[in-house]
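Being a predicted model, the structure only gives us computed values, none of them experimental.
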Amino acid sequence: MDKRSLFYPLEQEGLTTLRIQYDWKTGNVYLAASKDWDDDLDWSRYNKDFYVESIKTHSAKYLNEQEVKDMFEKYGLTDYLEEVLELIREGRHFGILGYYNKALDIRYMGNMHSRKCGINNGRHATMGGGIRRHEKSEDELDVIIDGLNLGRAMSFKNIAGELPMGGIKSTVMMDPLDLDNFQQIGFLAFALDSMRCETGPDMGFPIKMTDVMIDNEYSYQYTCGPQGPLGSSGPPTAYGVYIALEEAIKFLGHNNMDGWSFACQGLGEVGWAMVKEICTKVKNPHLIVADVKQDVVDRCVNEWSAQGIDIKAGRIEDILFEDVDVVVPCAIGGIFTEENIEQLRCKIIWGSANNQIKASSQEEEIRLAQKIADRGILFQTDWWHNTAGVMFAWEEVCYQKQADINHVYKVISDVLPRLTRDNLKESKELSLTPTANAYRRVEEILYGDAPAPERTAWLK
């Protein structure tokens, strides 16, 4: 393990848990570290022989705030800890809960942004957000920045979906998950359950992970598995993005997108479904598609070409800068930068990728969104319209085997076009970009006195 890590002192001191908590109202920081389980604990027996609250060791250790600071100073990591704390302060995050499993060589970070909208929702989970795997060799600070940004976006995304959930993103530094390794499965179930959140597998984790969790009764807080009551969240996410796009083009004064051109980046679960939405709902579309996997690109082009669609393969390094009507990012985030915004040649940017603007702060994202607007390009921060996936997950968490796919599509059809329409209208009236106005709306709820959404669309 790289010494420049929150987990290095834990490893050296035989500890398992690090709690970093922040209160943005008072500016107070709370630190604690502990040993909560023994190295030989059989995690395959989680929720069978023991639970989150069970005694997992008879040699527990607890460090208070000053002792944690002293521990980081002992290993020359005071400046690193402060760097992480400053990121938490800047984003007004609830904090980070870190678990180090030495026996399994797993570093788990729950990047908690807010619980406000999830308090008293009547469910175990008060926060919602995906779980993402990172390689153990990656720079930990980059992983933390990614997790905190995504956790904050989940608070906003859940508000945009009118969901009674706070925001979190779990980032896990580990080798690829072995779905037959119930030690790994049990530990990941424990970590998620302990933070009272629900999740769906994100980049780096197979979506079958959810089915394994549920079929073997490790955690029902994992959602959207292929064998679940609703299936994968990819198609509804694409559907939500597409119907929000329809509202956007109406805002620009167009009746439809017939004959329009699209450049689609990424052909994963959502990107593939997004291409299908375009090809089946737009008359005579023109598509350019790109993905890091050329065989997937070839399959997509062949499938839709056979149905008479004008579609061709593009180069992954050029796809964002094609001369098209709509650029549709459906892969990794951080793709629009200070430098490359000047190269954009589209009229609209509208896709499902998270954190599409490469920014280290909300202020920087709003500034770069303004730069995109100054180019005459319509852009709305992704979390305002790519929230259908987490809406899908909420339906499954609430109703489990009684979850109704028709009901959740009905809610998506009500909420996402309506909120997009309202946001674009308000942003024009207030002379703000759609991104800046979306932030204004959610901040009034998270940090001000505005009430949380009433969720009337969810009532069956």
Side-chain angles (χ1 to χ4, degrees), residues 234-291 296-315 318-331 336 343-353 356 372-373 375-382 384-388 409-410 412-425 427-428 433-434:
T237 300
Y239 172 73
V241 172
Y242 180 82
I243 61 176
L245 173 59
E246 289 183 319
E247 283 298 324
I249 67 105
K250 291 176 185 176
F251 173 77
L252 294 177
H254 302 282
N255 293 324
N256 56 59
M257 293 178 281
D258 294 349
W260 281 30
S261 54
F262 303 82
C264 302
Q265 180 204 43
L267 294 172
E269 281 275 316
V270 182
W272 188 279
M274 192 68 188
V275 169
K276 181 178 179 180
E277 290 286 338
I278 294 168
C279 290
T280 56
K281 294 179 180 176
V282 176
K283 293 181 180 179
N284 301 316
H286 309 282
L287 288 89
I288 307 171
V289 296
D291 190 276
V296 175
V297 174
D298 294 341
R299 183 159 54 89
C300 182
V301 170
N302 292 337
E303 178 175 321
W304 290 107
S305 292
Q307 299 184 48
I309 299 294
D310 178 16
I311 182 171
K312 64 180 181 180
R315 286 160 41 98
D318 299 329
I319 192 68
L320 300 176
F321 313 109
E322 297 285 355
D323 186 5
V324 294
D325 294 300
V326 188
V327 165
V328 187
C330 294
F336 299 115
Q343 302 174 41
L344 295 170
R345 297 192 291 168
C346 58
K347 298 174 184 176
I348 302 173
I349 297 172
W350 208 275
S352 65
Q356 294 170 23
I372 292 174
R375 296 286 318 282
I377 300 169
L378 179 64
F379 172 81
Q380 174 178 266
T381 185
D382 48 85
W384 195 254
H385 58 251
N386 73 356
T387 191
Y409 268 94
K410 179 181 177 182
I412 293 168
S413 299
D414 171 76
V415 173
L416 295 188
R418 168 167 50 84
L419 291 188
T420 291
R421 182 167 59 249
D422 291 348
N423 187 50
L424 295 178
K425 180 174 179 289
S427 65
K428 183 177 181 180
T433 65

(request) Check Leu267 against Cys300 and note the closest heavy-atom contact, atom names and distance. (result) CD1-CB, 3.9 Å
(message) Donor-acceptor check, side chain of Trp384 to backbone of Leu419, threshold 3.5 angstrom: yes or no?
(response) yes
(message) For the backbone of Ala353 and the side chain of Gln356, can you confirm whether one donor and one acceptor N or O come within less than 3.5 Å of each other?
(response) yes
(request) Could you check if a side-chain atom of Trp350 sits within less than 4.5 angstrom of a side-chain atom of Pro329, using non-hydrogen atoms only? (result) no
(message) With heavy-atom distances below 4.5 Å as the criterion, would you say the side chains of Ser413 and Tyr239 are in contact?
(response) yes
(request) Can you establish whether the number of heavy atoms outside Lys276 located under 6.0 Å from its atom NZ is more than 12? (result) no
(message) Under 4.0 Å between a side-chain nitrogen and a carboxylate oxygen: does that hold for Asp414 and Arg418?
(response) yes
(message) Looking at Ser352, is its backbone amide N or carbonyl O close enough to the side chain of Asp382 to form a donor-acceptor pair, meaning the two atoms are under 3.5 Å apart?
(response) no
(request) Could you check if a side-chain atom of Ile288 sits within less than 4.5 angstrom of a side-chain atom of Val324, using non-hydrogen atoms only? (result) yes
(request) Report yes or no: does Trp304 contribute a side-chain atom to a donor-acceptor pair with the main-chain N or O of Asp310 at less than 3.5 Å? (result) no
(message) Within the 4.5 Å heavy-atom criterion, are Met274 and Val241 side-chain neighbours or not?
(response) yes
(request) Mind listing the closest non-hydrogen atom pair of Cys264 and Leu287 along with its distance? (result) SG-CD2, 4.3 Å
(request) List the steps and the verdict of side-chain contact (heavy atoms from CB on, under 4.5 Å) for Cys330 and Val328. (result) CA-CA 6 Å; Cys330 294; Val328 187; 3.7 Å; yes
(message) Between Ser261 and Val326, is there a side-chain heavy-atom distance shorter than 4.5 Å?
(response) no
(request) Spell out, as yes or no, whether a donor-acceptor pair under 3.5 Å connects the side chain of Arg345 to the backbone of Phe321. (result) yes
(request) Could you tell me which non-hydrogen atom of Pro235 sits nearest to which non-hydrogen atom of Ala273, and how far apart they are? (result) CA-CB, 3.8 Å
(message) Would the distance check show the side chain of Arg375 and the main-chain N or O of Leu344 forming a donor-acceptor pair, the cut-off being under 3.5 Å?
(response) yes
(request) List the atom of Ala331, the atom of Gly266, and the distance in Å for their closest heavy-atom pair. (result) CB-CA, 3.9 Å
(request) Calculate, to the nearest 0.5 Å, the distance between atoms NZ and NE2 belonging to Lys312 and His286 respectively. (result) 11.0 Å
(message) Are the side chains of Met257 and Leu245 in contact, using a 4.5 Å heavy-atom criterion?
(response) yes
(request) Would you check if Gln380 and Leu424 make a side-chain contact, meaning some heavy-atom pair closer than 4.5 Å? (result) yes
(request) Would you check if Phe379 and Pro434 make a side-chain contact, meaning some heavy-atom pair closer than 4.5 Å? (result) no
(request) Could you grab the distance from atom CG of Leu416 to atom OH of Tyr242, nearest 0.5 Å is fine? (result) 14.5 Å
(request) Say whether, by atom type as modelled, one donor and one acceptor occur between the side chain of Asp258 and the main chain of Val282 under 3.5 angstrom. (result) no
(request) Measure across Pro236 and Ile412 and return the closest heavy-atom pair with its distance rounded to 0.1 Å. (result) CB-CD1, 4.0 Å
(message) So, taking the atom named CG in Asp291 and the one named CD in Gln265, what distance separates them when rounded to the nearest 0.5 Å?
(response) 8.5 Å
(message) Given Leu378, which partner from the list Ile348, Ile249, Thr433, Ile349 fulfils the side-chain contact (heavy atoms from CB on, under 4.5 Å) test?
(response) Ile348
(request) Determine which pairs satisfy ring-ring contact (aromatic ring centres under 6.0 Å, His included) with at least one residue from residues 259-284, sequence neighbours left out, and list them in order. (result) His254-Trp260
(request) Heavy atoms only: give me the nearest Asn386-Thr237 pair and the separation to one decimal. (result) O-CG2, 3.9 Å
